[in-house]
Structure formats: structure tokens, C-alpha cells
Peer 1: 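I have a structure here, written as C-alpha cells, and I will follow up with some questions on it.
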Amino acid sequence: QAQLMESGGDSVQAGGSLTVACAASESTYSRYCMAWFRQAPGKEREGIASIYRGDRSTRYADSVKGRFTISQDNAKKTLYLQMNSLQPEDTGMYYCASSRSPSYDCVLGTYLYHDWGQGTQVTVSS
């Protein structure tokens, strides 16, 4: 059974750092593409970072490139998102997602991802 559980969300000051984590079940973690999305109030869910299990290649949205880093810990079956230089516009609910598609092109579109966690809230104040 697919299972994803996020943790680590918090309230931070602008310019600060935070790392959120996503613990996955064996079947969910072993898939080709995993990603982080976020959703601000009144806005659509936005893909911000993805990772391809095969060669650990990553993809980032322009809005977070250079500030956020996605990574995986195989021993813990956990996906991470390290966030630096946080800004108020980074505020939102952060979701991890896993794709059942055997694709190496881990695009940042919600259509590719089938299983989702419940989310963890990140709030950045100025």
C-alpha cells in the first residue's frame, strides 16, 4: 500500500532555513520519480523539485532553483527538501508525491504523480 508522510514543517523568519522530510513505504519509495509540491492559499499546487531514482538527477522550478535541494536517503526510505534563504512567498503546504509511471523524465506536473502525502505547513514571515 502506497504511503507517504511528511514532517518538519514550521514557522521561520525570512532568510532562514528549514528541511522537510517525507517517509515512504517500500513500494512507494522504490518508484522512478518522487517530487515535492507546494500549495499556497488560493493558488494551484506547484511542483518545485523532483528526483529520478535511477541516477539521482534532479529538477527544480525556477522559483526555488539555487535555494532548495531535494535528496533521498535509501536506508531510511526518506525524501528530503532542504530549503535555504526562505522568503514569505515560500509559504504554503508542502506535499511529497510519488509516480507509478516508469518514466525517467520527472517533470513537475501533478499529472505524473499518483500518490500523495497529507502535507506539512511551512510559514515564512517577514
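Position 1 is the first residue of the sequence, and the numbers go up from there.
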Peer 1: Check the side chains of R53 and Y32 for a donor-acceptor pair under 3.5 angstrom, ignoring hydrogens and angles.
Peer 2: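 The criterion, which ignores hydrogens and geometry beyond distance, is not satisfied for R53 and Y32.
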Peer 1: Tell me whether I51 shares a hydrophobic cluster with Y113, the cluster being built from Ile, Leu, Val, Met, Phe, Trp, Tyr side chains joined at under 4.5 Å.
Peer 2: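 They do not share one cluster, since no chain of ILVMFWY contacts under 4.5 Å joins I51 to Y113.
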Peer 1: Check whether the ring centres of W36 and F68 lie less than 6.0 Å apart, and answer yes or no.
Peer 2: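 So the answer is no for these two rings.
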Peer 1: To the closest 0.5 Å, what do you measure between CZ (R59) and NZ (K65)?
Peer 2: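 Between R59 CZ and K65 NZ, I get 9.5 Å after rounding to 0.5 Å.
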Peer 1: Do L79 and L18 sit in the same hydrophobic cluster, where Ile, Leu, Val, Met, Phe, Trp and Tyr count as joined when their side-chain heavy atoms come under 4.5 Å apart?
Peer 2: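 Looking at the clustering, L18 is in the same group as L79.
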Peer 1: Around atom CD of Q118, are there more than 12 heavy atoms of other residues, nucleotides or ligands at under 6.0 Å?
Peer 2: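 Counting other residues, nucleotides and ligands, CD of Q118 stays at 12 neighbours or fewer.
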Peer 1: Considering only heavy atoms from C-beta outward, does the side chain of T28 approach that of E26 to under 4.5 Å?
Peer 2: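 Heavy-atom side-chain distance check fails, nothing below 4.5 Å.
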Peer 1: If you look at every heavy atom in R38 and S63, which pair is closest and at what distance?
Peer 2: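 R38 and S63 have their closest heavy atoms at NH2-OG, 3.6 Å.
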Peer 1: Kindly indicate whether the side chain of T78, heavy atoms from C-beta on, has any atom under 4.5 Å from the side chain of Q72.
Peer 2: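 Sidechains of Q72 and T78: no contact.
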Peer 1: What heavy-atom pair brings S101 and H114 nearest, and what distance separates the two atoms?
Peer 2: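 Here S101 and H114 meet closest at N-CE1, 3.8 Å.
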Peer 1: Quick check for you: to the nearest 0.5 Å, what is the distance between R31 atom CZ and D115 atom CG?
Peer 2: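 Reported value, rounded in 0.5 Å steps: 4.5 Å.
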Peer 1: Going by atom types only, do D105 and S103 share a side-chain donor-acceptor pair under 3.5 Å?
Peer 2: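 Their side chains do not contain a donor-acceptor pair, so the 3.5 Å distance test is not met.
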Peer 1: Decide whether L81 and M93 are clustered together by the hydrophobic rule: side chain heavy atoms of Ile, Leu, Val, Met, Phe, Trp, Tyr closer than 4.5 Å, transitively.
Peer 2: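 L81 does not cluster with M93.
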Peer 1: Tell me, do F37 and E46 make a side-chain contact under 4.5 Å, heavy atoms counted?
Peer 2: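 No - every pair of side-chain heavy atoms lies 4.5 Å or more apart.
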Peer 1: With rounding to the nearest 0.5 Å, note down the distance linking OH in Y94 to CD in E6.
Peer 2: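 The OH atom of Y94 sits 12.5 Å away from the CD atom of E6.
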Peer 1: Run the side-chain contact (heavy atoms from CB on, under 4.5 Å) test on Y104 and D55 for me, step by step, so that the C-alpha distance in whole Å, both residues' side-chain angles and the decisive distance to 0.1 Å come before the verdict.
Peer 2: CA-CA 9 Å; Y104 63 87; D55 61 4; over 6 Å; no
Peer 1: Would you call Q13 and V124 a side-chain contact if the rule is heavy atoms closer than 4.5 Å?
Peer 2: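 Not in contact.
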Peer 1: Could you report the tightest heavy-atom contact between A14 and S126, atom names first, then the distance?
Peer 2: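 Answer, listing the atom of A14 first, then S126: CB-CA, 4.2 Å.
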Peer 1: Before giving the answer on side-chain contact (heavy atoms from CB on, under 4.5 Å), spell out for Q121 and T91 the whole-Å C-alpha distance, their side-chain angles and the decisive distance to 0.1 Å.
Peer 2: CA-CA 8 Å; Q121 178 68 36; T91 294; 4.1 Å; yes
Peer 1: Report whether L86 and I70 are members of the same hydrophobic cluster (ILVMFWY, side-chain heavy atoms less than 4.5 Å apart, transitive linking).
Peer 2: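 In one cluster: yes.
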Peer 1: Do M83 and V122 have side chains that approach each other closer than 4.5 Å (heavy atoms only, starting at C-beta)?
Peer 2: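 Yes - at least one pair of side-chain heavy atoms lies under 4.5 Å apart.
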Peer 1: Could you tell me if T110 and E44 have a donor-acceptor pair between their side chains, going purely by distance under 3.5 Å?
Peer 2: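 Note: E44 and T110 side chains miss the donor-acceptor criterion.
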Peer 1: Going by atom types alone, do S17 and N84 pair a side-chain donor with an acceptor below 3.5 Å?
Peer 2: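 There is such a pair (donor and acceptor under 3.5 Å, judged by atom type) between the side chains of S17 and N84.
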Peer 1: Could you go step by step and tell me if Y29 and N74 meet the side-chain hydrogen bond (donor to acceptor under 3.5 Å, both in side chains) rule?
Peer 2: CA-CA 8 Å; Y29 186 82; N74 290 340; 2.5 Å; yes
Peer 1: For the atom pair SG (C22) and OH (Y80), what is the distance rounded to the nearest 0.5 Å?
Peer 2: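 Going from SG on C22 over to OH on Y80, the span is 10.5 Å.
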Peer 1: Are any of the side-chain heavy atoms of C33 and S50 separated by less than 4.5 Å?
Peer 2: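 No, every pair of side-chain atoms sits at 4.5 Å or beyond.
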Peer 1: Within the distance-only criterion (no hydrogens, no angle test), does the side chain of S85 pair as donor or acceptor with the backbone N or O of R67 below 3.5 angstrom?
Peer 2: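 Absent.
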Peer 1: Measure the shortest side-chain to side-chain distance between S7 and T120 over non-hydrogen atoms and say whether it is less than 4.5 angstrom.
Peer 2: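 Counting from C-beta outward, S7 and T120 never come under 4.5 Å.
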Peer 1: Is there a path from L4 to I48 through hydrophobic residues (I, L, V, M, F, W, Y) whose side chains come within less than 4.5 Å of each other?
Peer 2: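 Yes: a chain of side-chain contacts under 4.5 Å links L4 to I48.
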Peer 1: Sort out for me which residue in S27, S25, S98 forms a side-chain contact (heavy atoms from CB on, under 4.5 Å) with Q3.
Peer 2: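 The passing option is S25.
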